[in-house]
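A short write-up of the structure that comes next.
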Amino acid sequence: MSNDKSLKYDFSAIERKWQRKWQENKTFQVEIDRNLPKYYLLEMFPYPSGRIHMGHVRNYSIGDVIARYKRMNGFNVMHPIGWDAFGLPAENAAIKNNSHPAKWTYENIDYMKSQLRKMGFSYDWNRELATCDPEYYRWEQLFFVQLYKKGLIYQKVTTVNWCESCRTVLANEQVIDGCCWRCDQQIIPREMNGWFFKITDYADELLDWCDKLTGWPDKVLTMQRNWIGKSLGAEVDFPVDGWDESLKIFTTRPDTIFGATFMSIAPEHPLAAKLAQKNGLQKEVSEFVEHTRSARQQQNPDVEPEKEGIFTGGYAVNPYTGDKLPIYTANFVLMEYGTGAVMAVPAHDQRDFEFAHKYDIPIKVVIQPPGAELDAATMTEAHEGPGILVDSAGFSGMDSAEAKKAITSHGEEQGFARQRITYRLRDWGISRQRYWGSPIPMIHCPRCGVQPVPEDDLPVELPTDVTFAQSGKSPLHDLESFYKTSCPKCGGEARRETDTMDTFVESSWYYARYCCPGERREPLRREAVDYWLPVDQYIGGVEHAILHLLYARFFTKILRDLGYLGIDEPFADLLTQGMVIKDGTKMSKSKGNVVDPDDLVQQYGADTVRLFSLFAAPPERDLEWSDKGVEGAHRFLHRIFRFVMDKREMLQNAGNGPVAPAGGPERDLHRKTHQTISKVSRDFASFHFNTAISAIMELMNFLSAGAGESSKTIPADFVIKEAVEAIIQLLSPMAPHFCEELWEQIGHKSQLSESRWPVFDPEAAREDEITMVVQVNGKLRGRLSVSAGEDEEKVKEMALAEPNVGKFIADKTIRKIIVVKDKLINIVV
RNA sequence: GCGAGAGUGGCGGAACUGGUAGACGCACUGGCCUUAGGAGCCAGCGCCCUCGGCGUAGGGGUUCGACUCCCCUCUCUCGCACCA
């Protein structure tokens, strides 16, 4: 190889050159254009933690391929990026370094932005946003105030999930296996006042739309459905003996109500203390409640604690039977779900069964499964399935489904029961006792109560002149210049809310704000959001299957109902990509198996890194990192580079030959080229980038075998040129700088990014000669070369005449011959 | 326990509606070229003893034909987990 500098693949010079050109030419800036179909591609925006990691590289490489592919196919593609910039790490870093979260955050953004630029992603940087910018978060304060006025936000004191190491409260979705989603510390329950979004008002709509989100993976939809956890049942009032109020319970099994032998209520249930007091069991019951509370705090989330309970001394009356049922308080009953009280049917509920055995409570069978005869005395576990009712007064003989309806409506008529739907989903608690977030725009007035900040006074800016305590306590709580204010109603002295919003609020609507960069008068411009939304393709990690994706769906609906959006769902299609792993486990600093994108880009260039991360695995699967594999990708680019540069003069001068070469090496290469265009286009449509790349590699192998130095029958220049241009274009979404450079080198004056995707010609791709497989009894015995569409009888004859086939059918009778056109012949003997 | 998904060479992974299992790449082996090569080129590469046989976690089944469809078992990953 010569030492000519221009023949060397100098990736860093090439990458710098094209990144500059794209920027100068504003190649990826878009505006509303009603003459083109729009395509909004979005990847989950990063938290500015300091540096990008391989997970980002993979996520954004996948997205960039799609964005560039769609552009080349004539779409008006919006591909924005920004920063999920509020959050705890910034605050913790500030405490540690005696600095400020804003400084830390913006420095990280600067650095990570330079990293993303070096990867060559086709972002419209004009639309960049950072959620910690008052120009961003001011709008969610406006939403907050408007939602509060609409009654969709409220304040309550409740048991919350407290993370001591983060010194803040977490939403239910942010608790994973009883631990904090961020720091993995065990959470502890704590009574606190906080602000809640009424996501439960939208539970049904969120659930119903799960069936309509056809572009989402089933896995994610299933997780969301389970999280919402809708159950249909009945609420029944059990009068409490000698008390003027009744005990409300929720059950999904009204058909078993005649089998109830006791009642269980949550330890926190107000009735527990009341009954105990009345019956002189105060001491015992309060000890039990205290004991349960502390046990719950220390409980190992992996093991189910043993059922425990204590009699409260009170009795409830089953309104269907008149039976007096003892009321227990039990550790397995949850105050947060349903009504915090259940009827206990030991014969048909495993938990009640275990409890009844332990405390020697009677068991009464009221459901008989088909083909069996249950006996309360001998059963070893509850029968939870359906069956035929027995010992249930007028309902005996009905099956479970029928009885559920009949028993509920009987109760409805009598006024002590009603149909009820219960959800597992709880309202979204968004108060965070930390500094680095959007202030909650509310004012506490000792006279007028809670008042929203008037819309004209927004935003409530996060003060920057603060100092941080080592404890992590938010400086806002003690910052008089911040919290001291006047009541918007009476003008008297009042106190500002000092909690900030959960950062998932910011990420719930950023996708919409990208449509309206720089808009200062209103949060969203209808014209822009109506044109761009919904996001056509959203891409991110599956770890957000519930958290972010559920919140964003909810937010879309409330913004729609406030009149800001005209869509029901934010993301039409969703792709959840797998993790990047190395040596069998997730890359992480603690395991010491991280690969730094900067090092790789320096060593091999961004195009190689992108190519490998797309080649090594299909997007939804985990990707096992391999340093050797990266070298392989790099070698492939080298091979193309050498081949093209060797033939540069020829390629610049090659004319256009006949549209369809008649035969010989021209026809063969022309065919392979079009087969590749077809394969790659199909693979792109289904995001199978790994197989698309291997198809391009095949074409390259075919080309260098046929048109290389050693080949005897070199195809005409114009066909080689066609193949080379196809390779460059097909590869360009994955290795964009590299392909732009070669495109220019072979004589193109305009940018490859502006070119149109090659057109597939089915006629060119058609095979004339086909290899058919000959089987005897399904085993491969020979091959046959025939012209495409060859007659069936002729093919049979040829197959039987094959010498190797003859060996296997010699002394046997042929029973059947199956011919699959252009594919195979199976001779059954 | 419940729900979802997945098990294919030494490795990452291919295989369209059932029709040549292992594309493409990595690793490995041999050769060429070279002062050298971690560069490049050529060839080989599922397993077993030659004709041939066996092979897609294991066992059954449907079919002329099964990685693909059906049943059972095992393993792994992920999600939910006393939700009444």
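The chains referred to below are lettered A, B, ... by the order of the sequence lines, with proteins before strands, and numbering in each begins at 1.
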ask   = Whole-Å distance between B:rA81 C1' and A:Trp227 CH2?
value = 11 Å
ask   = Got A:Arg58 and A:Phe612 here, is their nearest side-chain heavy-atom distance under 4.5 Å?
value = no
key: Pairing partner (Watson-Crick or G-U wobble, both distances under 3.5 angstrom) of B:rU50   = none
inquiry  = Distance check needed: B:rC41 C1' versus A:Phe643 CZ, whole Å only.
reply    = 15 Å
query = Given atom CE of A:Met579 and atom P of B:rA6, what is their separation to the nearest angstrom?
reply = 17 Å
task = Would you check, one step at a time, whether the test side chain to side chain contact (heavy atoms under 4.5 Å, CB included) holds for A:Thr159 with A:Glu336?
result = CA-CA 9 Å; A:Thr159 309; A:Glu336 311 86 66; 5.9 Å; no
key: Test log, rule salt bridge (Lys or Arg N to Asp or Glu O under 4.0 Å), inputs A:Asp218 and A:Arg225   = CA-CA 10 Å; A:Asp218 286 338; A:Arg225 285 192 192 101; over 6 Å; no
key: Which nucleotide in B:rA14, B:rC24, B:rG12 has an atom nearest any side-chain atom of A:Ala616   = B:rG12
task = Compare side-chain N and O positions of A:Asn690 against OP1 and OP2 of B:rA14 and report whether any pair is under 4.0 Å apart.
result = yes
Set of residues satisfying side chain to side chain contact (heavy atoms under 4.5 Å, CB included) with respect to A:Leu800, sequence neighbours excluded = A:Ile809, A:Ile814, A:Ile817, A:Ile827
task = Kindly point out which of B:rC82, B:rC64, B:rG25 is positioned nearest to the side chain of A:Arg639?
result = B:rG25
key: Closest nucleotide among B:rU20, B:rG79, B:rC82 to the A:Gln775 side chain   = B:rU20
request  = Look at the side chain of A:Glu698 and decide which nucleotide, out of B:rA23, B:rG19, B:rG40, has an atom nearest to it.
outcome  = B:rA23
query = Can you list, by residue number, the residues of residues 334-353 of chain A that have a non-hydrogen atom closer than 4.0 angstrom to RNA chain B?
reply = A:Leu334, A:Tyr337, A:Val342, A:Arg351
query = If we take the C1' atom in both B:rC83 and B:rC2, what is their distance in whole Å?
reply = 13 Å
inquiry  = If you compare every side-chain N and O of A:Asn701 against the phosphate oxygens of B:rG25 (OP1, OP2), does one of them come in below 4.0 Å?
reply    = yes
key: Set of residues satisfying side chain to side chain contact (heavy atoms under 4.5 Å, CB included) with respect to A:Met579, sequence neighbours excluded   = A:Ile581, A:Lys586, A:Asp622
key: Separation of the C1' atoms in B:rC71 and B:rA27, to the nearest angstrom   = 40 Å
Touch class at under 4.0 angstrom, heavy-atom based, for A:Asn826 against every strand present = base
query = Any side-chain N or O of A:Arg225 less than 4.0 Å from the OP1 or OP2 oxygen of B:rC80?
reply = no
Nearest-nucleotide pick for A:Phe808, side chain only, options being B:rU20, B:rC78, B:rG52 = B:rG52
Euclidean distance, atom CH2 of residue A:Trp181 to atom P of B:rG79 [Å, nearest integer] = 15 Å
ask   = How would you label the contact of A:Asp622 with the nucleic acid (heavy atoms, under 4.0 Å): base, sugar-phosphate, or nothing?
value = sugar-phosphate
query = Would you call A:Lys672 and A:Glu698 a salt bridge, taking side-chain N to carboxylate O under 4.0 Å as the test?
reply = yes
Nearest-Å distance for atom pair CG/C1', residues A:Leu780 and B:rG52 = 13 Å
task = May I ask you to decide if the ring planes of A:His383 and A:His348 are parallel, tilted or perpendicular, using 30° and 60° as cut-offs?
result = perpendicular
request  = Could you check which nucleotide pairs with B:rG65 in any of the strands shown, counting Watson-Crick or G-U wobble with both distances under 3.5 Å?
outcome  = none
ask   = RNA chain B: A:His638 or A:Tyr423, which has the more 5' nearest nucleotide?
value = A:His638
task = Please state whether the phosphate of B:rA4, meaning OP1 or OP2, lies under 4.0 angstrom from any side-chain nitrogen or oxygen of A:Lys219.
result = no
query = Between B:rA23, B:rC54, B:rA14, which one does the side chain of A:Ser694 approach most closely?
reply = B:rA23
Pair partner, B:rG44 [Watson-Crick or wobble, under 3.5 Å] = B:rC28
ask   = What distance, rounded to whole Å, do you find between the two C1' atoms, one in B:rC54 and one in B:rG9?
value = 14 Å
key: Residue A:Thr222, side-chain atoms from C-beta onward, closest of B:rG3, B:rC64, B:rG13   = B:rG3
task = Report which part of the nucleic acid A:Gly229 touches: base, sugar-phosphate, or nothing (heavy-atom distance under 4.0 Å, all strands).
result = nothing
inquiry  = When you measure only distances, ignoring hydrogens and angles, does the side chain of A:Lys628 come within 3.5 Å of the base of B:rC11 through a donor and an acceptor?
reply    = no
key: Rounded P spacing from B:rU20 to B:rU75 in Å   = 33 Å
task = Measure from the side-chain heavy atoms of A:Arg642 and tell me the nearest of B:rG12, B:rA14, B:rG40.
result = B:rG40
Interatomic distance where CZ belongs to A:Phe689 and P belongs to B:rA14 [whole Å] = 13 Å
message = So, does A:Ser231 get its side chain near the phosphate of B:rA84, meaning an N or O under 4.0 Å from OP1 or OP2?
response = yes
message = Considering every strand and a 4.0 Å limit on heavy-atom distances, what is the contact class for A:Arg783: base, sugar-phosphate, or nothing?
response = base
note = When A:Gly632 and A:Val542 are each assigned the nearest nucleotide of RNA chain B, the 5'-most assignment goes to A:Gly632
request  = Indicate whether any N or O donor in one side chain lies under 3.5 Å from an N or O acceptor in the other, for A:Tyr337 and A:Ser231.
outcome  = yes
ask   = Aromatic ring centroids of A:His634 and A:Phe11 under 6.0 Å?
value = yes
task = Look at all strands and tell whether A:Val773 reaches a base, only sugar-phosphate, or nothing, counting heavy atoms closer than 4.0 Å.
result = base
task = Figure out the CG/P separation between A:Asp646 and B:rG40, and round it to whole Å.
result = 14 Å
message = Nearest to the side chain of A:Lys779, heavy atoms from C-beta on, is which of B:rC54, B:rG19, B:rA84?
response = B:rC54
key: Pairwise C1' distance for B:rA66 and B:rA21, with rounding to whole Å   = 11 Å
query = How far, in whole Å, is B:rG25 from B:rU17 if one measures between their C1' atoms?
reply = 29 Å
ask   = Will you find, in the side chains of A:Gln577 and A:Arg621, an N or O donor that is under 3.5 Å from an N or O acceptor?
value = no
ask   = Which is true for A:Arg420 with a 4.0 Å heavy-atom rule: it touches a base, it touches only sugar-phosphate, or it touches nothing?
value = nothing
request  = Pick base, sugar-phosphate or nothing for A:Arg621, based on heavy-atom distances below 4.0 Å to the nucleic acid.
outcome  = sugar-phosphate
request  = Assign the ring pair A:Phe641 / A:Phe738 to parallel, tilted or perpendicular, where the plane angle (0 to 90°) is split at 30° and 60°.
outcome  = tilted
task = Provide the distance between the two C1' atoms, one in B:rC33 and one in B:rA43, to the nearest whole Å.
result = 15 Å
query = Between B:rA84, B:rC83, B:rA14, which one does the side chain of A:Arg424 approach most closely?
reply = B:rC83
ask   = Could you give the CG-to-C1' distance, from A:Leu623 to B:rC26, as a whole number of Å?
value = 13 Å
